[in-house]
Amino acid sequence: MTLRFAIAALLAVLLAAAARAQQAPPPGDGPVNRPDLVTEPYEYVNDEGGFKVTWPSGCGELRRRETADDPDADPFEMVYVVNAYCDQFGEHGRGCAVTSIVNLKSADGGPPGPQDVVARMEEHLEALKVNIVSQTPLQKAMPDGTLIEGLDIRAKAPHGAGEAWLRGLLWEGQVFLLSAWNVAGGLWADPEIQTFFNSFEPLVE
């Protein structure tokens, strides 16, 4: 598989996950449907997904979706997906999302690696044709000494000013996918979107 194809698959899963999350959210962690938070960023903690992040202003109405591959399976073994999504200021062409995938396994039953993340994307999605502007590998030491690794991608729409900012992370066998987009452009220079990406952390016990 080429690196470009893997990146396109990552973009596809992020945007598709955000689209799937556009359903009425169940009660959950953190501020949900809070009009008073529309005008300022706020920190959000999701215990089920195992992460915390600072959403930008305009995300007072947060949508959530939680799914399991097999609801009847052992809860410690089943693959569990948590999506949190925001249409920023209610605009469908502007927003951000976090997807957490818990208990994803490799073909041999071990913890997932980068190739397993790409393989799971390909099972459900077709590659999205985008113009990749930049791609940067990421690595960060967590306070408990564990390492979080991933790939940061900036991409432009084939036509028009639209921009996307994408990040796929792997930490202690858990997969996190972050995305932000704006059809009007100006996404990468937005300080609140920068904070959204830089504030993200897995929950460390």
Side-chain angles (χ1 to χ4, degrees), residues 6 9-32 41-56 59 61-71 73-87 95-106 110-125 138-140 142-144 146-153 164-181 193 195-205:
L10 176 59
L11 178 59
V13 75
L14 289 168
L15 298 183
R20 290 196 304 271
Q22 295 184 56
Q23 300 185 12
D29 303 318
V32 177
Y42 65 94
E43 184 177 89
Y44 169 81
V45 176
N46 188 299
D47 290 328
E48 287 83 3
F51 67 88
K52 62 180 179 179
V53 72
T54 297
W55 294 99
C59 286
E61 182 178 356
L62 189 64
R63 302 176 184 272
R64 282 186 41 182
R65 180 176 172 85
E66 302 169 8
T67 60
D69 279 5
D70 181 2
D74 183 335
F76 294 101
E77 297 294 332
M78 69 181 179
V79 177
Y80 188 69
V81 180
V82 177
N83 295 320
Y85 165 80
C86 163
D87 275 325
C96 47
V98 179
T99 299
S100 172
I101 307 174
V102 182
N103 290 334
L104 184 65
K105 302 295 184 184
S106 63
Q115 69 280 5
D116 299 301
V117 177
V118 172
R120 182 168 175 83
M121 296 172 186
E122 291 178 328
E123 289 176 0
H124 303 286
L125 303 166
L138 301 173
Q139 191 176 85
K140 177 183 177 181
M142 300 299 295
D144 66 347
T146 56
L147 196 65
I148 185 167
E149 299 179 278
L151 181 66
D152 197 71
I153 302 166
W165 188 347
L166 314 165
R167 186 169 292 179
L169 300 169
L170 185 62
W171 175 77
E172 293 291 276
Q174 188 167 353
V175 176
F176 299 101
L177 306 172
L178 288 73
S179 62
W181 55 93
I193 296 299
T195 297
F196 167 73
F197 282 94
N198 294 332
S199 67
F200 178 88
E201 288 187 0
L203 295 182
V204 178
E205 297 182 357

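Atom set for the values below is all heavy atoms of this structure, side chains included, hydrogens, waters and symmetry mates excluded.
Nearest heavy atom pair, residue Val102 against residue Glu48, reads CG2-O, 4.3 Å. When all heavy atoms are compared, the tightest approach of Gln174 to Gly49 is NE2-O, 2.6 Å. The heavy-atom pair separating Cys86 from Leu62 by the smallest distance is CB-CD1, 4.1 Å.
Within the 4.5 Å cutoff, side-chain heavy atoms of Met142 are placed close to those of Pro202. Using a 4.5 Å heavy-atom threshold, the side chains of Phe176 and Val53 count as separate. Using a 4.5 Å heavy-atom threshold, the side chains of Ile193 and Pro56 count as touching.
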Inset, instruction - Could you go through the side chain to side chain contact (heavy atoms under 4.5 Å, CB included) check for Lys52 and Leu203 one step at a time? - result: CA-CA 7 Å; Lys52 62 180 179 179; Leu203 295 182; 4.1 Å; yes
Inset, instruction - Show the numbers, then the answer: is there a side chain to side chain contact (heavy atoms under 4.5 Å, CB included) between Val98 and Tyr44? - result: CA-CA 11 Å; Val98 179; Tyr44 169 81; over 6 Å; no
Inset, instruction - Apply the test side chain to side chain contact (heavy atoms under 4.5 Å, CB included) to residues Leu169 and Phe51: give CA-CA distance (whole Å), side-chain angles for both, the deciding distance (0.1 Å), then the verdict. - result: CA-CA 12 Å; Leu169 300 169; Phe51 67 88; over 6 Å; no
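Taking the six-membered ring for Trp and thresholds of 30 and 60 degrees, Trp165 and Phe197 have nearly parallel ring planes, at less than 30 degrees apart.
Not less than 2.5 angstrom separates the SG atom of Cys96 from that of Cys59.
Counting only distance, with no hydrogens or angles, the side chain of Thr54 and the backbone of Ser199 share no donor-acceptor pair below 3.5 Å.
Remark: Trp171 CH2 to Lys140 NZ distance equals 12.0 Å, nearest 0.5 Å. In this structure, OG1 on Thr195 lies 12.0 Å from CD on Glu43, to the nearest 0.5 angstrom. Between atom CG of residue Leu170 and atom CD1 of residue Ile148 there is a gap of 8.0 Å, rounded to the nearest 0.5 Å. In this structure, CG in Leu138 is found 9.5 Å from CD1 in Ile153, a value given to the nearest 0.5 Å.
Proximity of the aromatic rings of Trp181 and Tyr85 is defined here by a centroid distance below 6.0 angstrom, and this criterion is met.
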